[in-house]
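Reviewing the structure listed below.
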Amino acid sequence: MDKKILVTGGAGFLGSHVCERLNFSTDTSLNFVAPRSKEYDLRNNTDTQVLFSDFEPSVVIHLAATCGGIQANQRNPGRYFYDNMLMGMNIIEQSRLHNVDKFIFVSTVCAYPKHCKVPFMEYDIWKGYPEETNAPYGIAKKSIITMLEGYKEQYGLNSTVLLPVNLYGPGDNFDDSSSHVIPAIINKIHKAQVLGENKIVCWGDGSATREFLYVEDAAKAICKAAISDINDPVPINLGGAGEITIERLVRIVCEHMGFSGNVEWDRSKPNGQPRRCLSKHRCERLLGWQAETSFVEGIRNTISWYKTQYL
């Protein structure tokens with residue numbers, strides 16, 4: 001029987017890659033729809049009801065989110081909590097009411113405690129408060145996991161929960177006001193080159209660490225989860241290429257953009273979470289998946305795409 005897949009956030013960075021992968025899937029039982037937010041506002045319960053009535057999906061991949069980098073999180077803590085809670089609650093309730101076979105929820109690494117033992121293990125997610133600059137967003141996403149647990153227990157709603165690390169790659173958000181670290185650094189370097197400047201200024205002190213997952217690898221994992229037999233909302237990490245300091249990251253991007261100027265650190269700005277790196281055992285065991293793209297290869301691809309769009 002054909003599975004009609006509803007992809008929320010299909011026009012976004014990750015969503016566009018998921019849709020592209022579904023579009024070229026060799027599995028002929030899969031067909032998908034990815035309506036835009038201007039057609040159906042998932043924060044509005046009536047719009048969400050109409051969405052499900054219009055498409056009657058059997059599988060939902062929930063990617064829609066209101067999110068951004070550290071600066072955007074600091075400016076919009078209330079909005080980020082409100083929007084993400086409402087979207088999650090409305091779409092899960094409609095999934096229950098319309099007897100959806102499976103709900104795929106892509107959560108966030110921001111749900112983990114600020115001071116979490118590295119590598120982050122899925123069972124540690126409730127052992128502390130998230131890093132303050134992204135806590136409202138992280139807690140909203142974490143609360144949706146609890147909702148899925150309750151809906152599985154009471155209503156039998158099948159779901160899979162995925163927690164990817166920081167994503168990057170072609171199609172990323174390069175808006176200065178809301179971008180994450182990699183596009184923000186690429187933008188800084190490009191602007192310095194255009195203006196003939198010999199330095200860039202980065203937030204924090206460079207000591208914080210992150211792990212990055214190439215967006216196409218994440219899309220593969222999500223599509224694999226959609227057809228897997230995992231039906232319980234047990235969080236599953238999607239790890240990437242391993243832990244790297246922000247200072248090292250900046251040097252790699254500078255090298256591949258041909259920038260030999262100075263890097264200065266604005267220590268008045270926050271570092272964000274001190275360390276991020278995920279355990280990969282559960283996804284390898286349950287999904288049979290692991291990231292394939294090296295960090296340097298992913299950075300080269302991202303910069304190449306950026307140059308075609310902005311240079």
Side-chain angles (χ1 to χ4, degrees), residues 1-42 47-48 50-67 87-88 90-92 94-95 98-108 141 144 148 157-173 213-231 233 235-240 283-284 286-293 298 301-302 305:
M1 187 171 105
D2 286 354
K3 294 181 179 179
K4 180 177 285 186
I5 301 174
L6 168 64
V7 181
T8 72
F13 171 42
L14 175 57
S16 62
H17 286 272
V18 169
C19 289
E20 182 178 7
R21 188 157 191 84
L22 288 171
N23 196 43
F24 291 101
S25 173
T26 57
D27 188 340
T28 56
S29 70
L30 299 179
N31 62 90
F32 73 95
V33 292
R36 302 297 187 253
S37 58
K38 63 183 179 182
E39 302 172 275
Y40 306 92
D41 184 350
L42 297 178
D47 272 16
T48 312
V50 173
L51 169 65
F52 274 76
S53 296
D54 285 350
F55 293 108
E56 299 182 344
S58 54
V59 176
V60 174
I61 300 177
H62 182 40
L63 306 175
T66 303
C67 58
M87 286 190 286
N90 286 337
I91 199 166
I92 291 171
Q94 291 305 314
S95 294
H98 286 81
N99 298 309
V100 162
D101 294 335
K102 189 167 185 176
F103 188 95
I104 309 297
F105 176 50
V106 179
S107 186
T108 174
K141 288 287 196 174
I144 299 303
L148 288 170
L157 178 64
N158 294 326
S159 60
T160 303
V161 174
L162 304 174
L163 287 88
V165 286
N166 297 61
L167 301 177
Y168 74 105
D172 207 341
N173 171 26
L213 176 60
Y214 191 59
V215 65
E216 291 182 8
D217 288 341
K220 290 177 185 177
I222 292 164
C223 293
K224 194 164 189 175
I227 59 174
S228 75
D229 58 1
I230 302 170
N231 293 319
I236 301 172
N237 287 337
L238 298 182
C283 70
E284 291 173 357
L286 296 181
L287 276 180
W289 172 91
Q290 59 183 358
E292 300 172 359
T293 308
N301 293 345
T302 305
W305 179 88

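In this structure the side chain of Leu213 reaches within 4.5 angstrom of the side chain of Val165, judged on heavy atoms. Counting heavy atoms from C-beta on, the side chains of Asn158 and Asp101 never come closer than 4.5 Å.
Rounding to the nearest 0.5 Å places NZ of Lys102 at 7.5 Å from NZ of Lys3. Atom OG1 in Thr302 sits 5.5 Å away from atom OH in Tyr214 (nearest 0.5 Å). Here the straight-line distance linking atom CG of Leu163 with atom CD1 of Ile236 works out to 9.0 Å at 0.5 Å rounding. Atom NE2 of His62 and atom CD1 of Ile144 lie 6.5 Å apart (nearest 0.5 Å). Between the CD1 atom of Ile104 and the CG atom of Leu6 there is a distance of 12.0 Å, given to the nearest 0.5 Å. Note that CG of Asp47 is 10.0 Å distant from CG of Asp54, once rounded to the nearest 0.5 Å.
No option in Thr160, Ile230, Ile222 other than Ile230 meets the side chain to side chain contact (heavy atoms under 4.5 Å, CB included) test with Leu287. No option in Val18, Val59, Ile5 other than Ile5 meets the side chain to side chain contact (heavy atoms under 4.5 Å, CB included) test with Phe32. Each of Leu14, Val33, Leu22 was evaluated against Val7; a single residue qualifies, Leu22, per the side chain to side chain contact (heavy atoms under 4.5 Å, CB included) test.
Considering every non-hydrogen atom in both Pro233 and Ser159, the closest pair reads CB-OG, 3.2 Å. Lys224 and Gly288 make their closest contact through NZ-O, 3.0 Å (heavy atoms, listed as atom of the first residue, atom of the second, distance). The shortest non-hydrogen separation linking His98 to Ser53 is NE2-OG, 3.8 Å. Val100 and Ser58 get closest at one heavy-atom pair: CG1-O, 3.4 Å. Closest approach of Lys141 and Val106 over heavy atoms only: NZ-O, 3.6 Å. Considering all non-hydrogen atoms of both residues, Ala34 and Gly10 come closest at CB-CA, 4.1 Å.
A distance-only check finds a donor-acceptor pair linking the side chain of His17 to the backbone of Pro170 [under 3.5 Å].
Aromatic ring pairs are classed by plane angle as parallel below 30°, tilted from 30° to 60° and perpendicular above 60°; the pair Phe103 and Phe105 is tilted.
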Taking it one step at a time, do Asp172 and Val215 satisfy side chain to side chain contact (heavy atoms under 4.5 Å, CB included)? CA-CA 9 Å; Asp172 207 341; Val215 65; over 6 Å; no

